[in-house]
Amino acid sequence: MIDPKILRERPEEVLTIYRERLFDEAAVTTAQEVLKVDTERRRLLNAADELKAKRNAASQGIGREKDEAKRAAAIKEMEGVKAEIAALDEKLATVEVEFERLMLQLPNLPAENVPTGKSDAQNIVTREHGEKRRFDFQPKPHWEIGEGLGIIDFERGVKISGTRFYVLKGAGARLQRALIAWMIDVHVEQGYTEIYPPYMVKQACLFGTGNLPKFGDNLYRDAEEDFYFIPTAEVPVTNLYRDEILDAESLPVKHVAFSACFRREKMAAGRDTRGMKRGHQFDKVEMVKFVHPSESAAALQQLLADAEAILKGLELPYRVVKMCTGDLSFAACEKYDLEVFAPGCDEWLEVSSCSNFGDFQARRAQIRFKSSKDKKDKPRHVHTLNGSGLALPRTVIAVLENYQQPDGTVRVPSVLRPYMGGAEVIRKDGSPR
RNA sequence: GGAGAGAUGACCGAGUGGUCGAAGGUGCACGAUUGGAAAUCGUGUGUGUCGAAAGGCACCGCGGGUUCGAAUCCCGCUCUCUCCGCCA
């Protein structure tokens, strides 16, 4: 949620940003409605508060009044006031619900340094790292490598769960598990505290991170109870401190969490159906930070570097892409993607997305901080950031495709060998078919 | 799933219709005292919202109701604890 005060005090500025930076006319319209509703809201609020002040004063008087006749008269008068208050409160409640509903739909405002652009075409490749490997044979896509080695079973995945599901087996499953364990270890080393979060959360959590109300059609949920399956560990981990006031001295708080992620991918129907690039369920290691507002810009750069350390450790060629305003996600004010090159499918795969949300999520989730030392310090919203470090299936794809050999085997990246029982090469494991 | 008990500020705990945003204690912060500390004494110590300010309003698990007035009464819900059942 953006700060309602900014919208109220500098409406033209906000509208211009929505129109000329985000190219989001729906947001412009919504913001204009918010302004109207807000004016009405404050009018009703002031009127109701005034009457309540009158009632409270009178009620105290009634409590002290000994004269029965005067007492009865005062009560009689207050009955009228009571009805007026009830009427105003009812209107106010309606207006407040509307205000909230609209505010939750407004996207975050981009940071100043975010380039203006309408689509991903205006994104900027900030830097590239590592050379694309030169092959003296035709590199295969991961689905061929995986099936050849008997470590990915697409057919059975579809049989038991349907399209967009696959099964990892033997060294394939182990490779993924090795990556998870190693990545978490790296991030812990970087100062992140490991979290094992619930994979199912209450609806309020999704409003907190900004997935709801706008993106509900990408979420799985329990039909009977208030449970949503998390689309990313960002949701439970960010909500860890929902409705809390953190000690300013404890910032920055840095967490790393591994979790399965569940996404309906309805919007992307038909896209990336081949291989394991886009599934309904995938694993991801996620970093989440809660920082002082003055430090979030630097914290984003560090977060990016922390994610990049994984790709560097794996010795995979990657590039850093800075999102332009039009490609920024709903809740982010600044965002970078990390794309790894997969020579088999011959494309850059997005394996990480590192975002600074400013106070947007903190405002929705009411995550604040205050100094425990300085008594005059008022609670303020923290800034939240998160970034994948990294998304698993695509990292597995990149490893398989970049480390493949002409005979169909795959070398194990050296950092993973200790996590793979010392194995240096993945060979055909003798699958039952 | 069945039965019972409970939910008040950072924490403990009082409060069963009126000056209660909430006694008392602990903790914490600042000050006094001290060579320094402990002990002691004093002062202070929630959040949100509206307002230029003065100040107002709201919040005692959550939501509704009764009343001129609700932390206190009524209804619904959630959560926690104990016992039983079941289970990884």
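Any value given below was found using the heavy atoms of this structure, including those in side chains, with hydrogens, waters and symmetry copies removed.
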Short N-O contact, [X] and [Y], less than 4.0 angstrom:
X        : Y        : answer
A/Arg43  : A/Glu40  : yes
A/Arg19  : A/Glu25  : yes
A/Asp153 : A/Lys159 : no

Partner of [N] by Watson-Crick or G-U wobble geometry, both contacts under 3.5 Å, or none?
N     : answer
B/C57 : B/G48
B/A71 : none
B/G31 : B/C41
B/C81 : B/G4
B/G36 : none
B/A10 : B/U26
B/C20 : none

Ignoring hydrogens and angles, write down the donor-acceptor pairs under 3.5 Å from the side chains of residues 268-277 of chain A, residues two or more places apart or on other chains.
from, atom 1, to, atom 2, distance (Å)
A/Asp272, OD1, A/Lys277, NZ, 3.3
A/Asp272, OD2, A/Arg278, NE, 2.8
A/Asp272, OD2, A/Arg278, NH2, 2.9
A/Lys277, NZ, A/Glu347, OE1, 3.1

Integer angstrom distance from the [atom1] of [N] to that of [M]:
N     : M     : atom1 : result
B/G48 : B/U40 : P     : 34 Å
B/A14 : B/U72 : C1'   : 13 Å
B/G42 : B/U33 : C1'   : 11 Å
B/C62 : B/C11 : P     : 14 Å

Subject >> Sub-4.5 Å side-chain heavy-atom contact between A/Val340 and A/Leu390 >> reply: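 A side-chain contact is absent here, since even the closest heavy-atom pair is not under 4.5 Å.
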Nucleotide [N], atom [atom2] - distance to [atom1] of [X] in whole Å:
X        : N     : atom1 : atom2 : result
A/Glu79  : B/U67 : CD    : P     : 9 Å
A/Glu68  : B/C68 : CD    : P     : 14 Å
A/Glu84  : B/G69 : CD    : P     : 13 Å
A/Arg55  : B/A58 : CZ    : C1'   : 10 Å
A/Glu96  : B/C57 : CD    : P     : 17 Å
A/Ile245 : B/U47 : CD1   : P     : 6 Å
A/Glu77  : B/C68 : CD    : C1'   : 10 Å
A/Arg242 : B/G61 : CZ    : P     : 19 Å

Residues 110-118 of chain A side chain polar contacts: donor-acceptor under 3.5 Å, at least two apart:
from, atom 1, to, atom 2, distance (Å)
A/Asn113, ND2, A/Glu334, OE2, 3.3
A/Thr116, OG1, A/Arg21, NH1, 2.9

List, with names and distances, any nitrogen or oxygen atoms from the protein found under 3.5 Å away from nitrogen or oxygen atoms belonging to nucleotides 62-66 of chain B.
none

Subject >> Distance below 4.0 Å between A/Asn56 side-chain N/O and B/A58 OP1 or OP2 >> reply: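 So the side-chain polar atoms of A/Asn56 do come within 4.0 Å of the phosphate oxygens OP1 or OP2 of B/A58, strictly under.
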Subject >> Any A/Lys378 side-chain N or O less than 4.0 Å from OP1/OP2 of B/U47 >> reply: yes
Original post:
Start at the 5' end of RNA chain B and walk down; is the nucleotide closest to A/Lys52 or to A/Ile75 reached first?
Top reply: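 Nearest-nucleotide comparison on RNA chain B picks A/Lys52.
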Original post:
Of A/Gln366 and A/Lys202, whose nearest nucleotide on RNA chain B comes first from the 5' end?
Top reply: A/Gln366
Give me, pair by pair, the N or O atoms of the protein and of nucleotides 49-51 of chain B that are less than 3.5 Å apart, along with how far apart they are.
from, atom 1, to, atom 2, distance (Å)
B/C50, OP1, A/Arg8, NH2, 3.1
B/C50, OP1, A/Arg41, NH2, 3.1
B/C50, O2', A/Asn46, OD1, 2.5
B/C50, O2', A/Asn46, ND2, 3.4
B/G51, OP1, A/Arg42, NH1, 2.7

Gap separating the [atom1] atom of [X] from the [atom2] atom of [Y], nearest 0.5 angstrom:
X        : Y        : atom1 : atom2 : answer
A/His292 : A/Phe369 : NE2   : CZ    : 4.0 Å
A/Arg264 : A/Phe215 : CZ    : CZ    : 15.5 Å
A/Phe258 : A/Ile195 : CZ    : CD1   : 14.5 Å

Name the nucleic acid region contacted by [X], choosing base, sugar-phosphate or nothing; use a 4.0 angstrom heavy-atom cut-off, strictly under.
X        : answer
A/Lys370 : sugar-phosphate
A/Ala58  : nothing
A/Arg71  : base

Original post:
Would you say the base of B/G48 and the side-chain of A/Arg363 have a donor-acceptor pair closer than 3.5 Å?
Top reply: no
Original post:
Which residues satisfy the side-chain hydrogen bond (donor to acceptor under 3.5 Å, both in side chains) test with A/Glu98, sequence neighbours excluded?
Top reply: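 Scan of A/Glu98 (side-chain hydrogen bond (donor to acceptor under 3.5 Å, both in side chains), adjacent residues dropped) gives A/Arg101.
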Could you tabulate the donor-acceptor pairs under 3.5 Å formed by side-chain atoms of residues 411-423 of chain A, not counting sequence neighbours?
from, atom 1, to, atom 2, distance (Å)
A/Arg417, NE, A/Val412, O, 2.9
A/Arg417, NH2, A/Val412, O, 2.9
A/Tyr419, OH, A/Asp185, OD2, 2.6

Subject >> Given B/G48, B/G56, B/U19, the nucleotide with the shortest approach to the side chain of A/Pro379 >> reply: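 Out of B/G48, B/G56, B/U19, the nucleotide with an atom closest to A/Pro379's side chain is B/G48.
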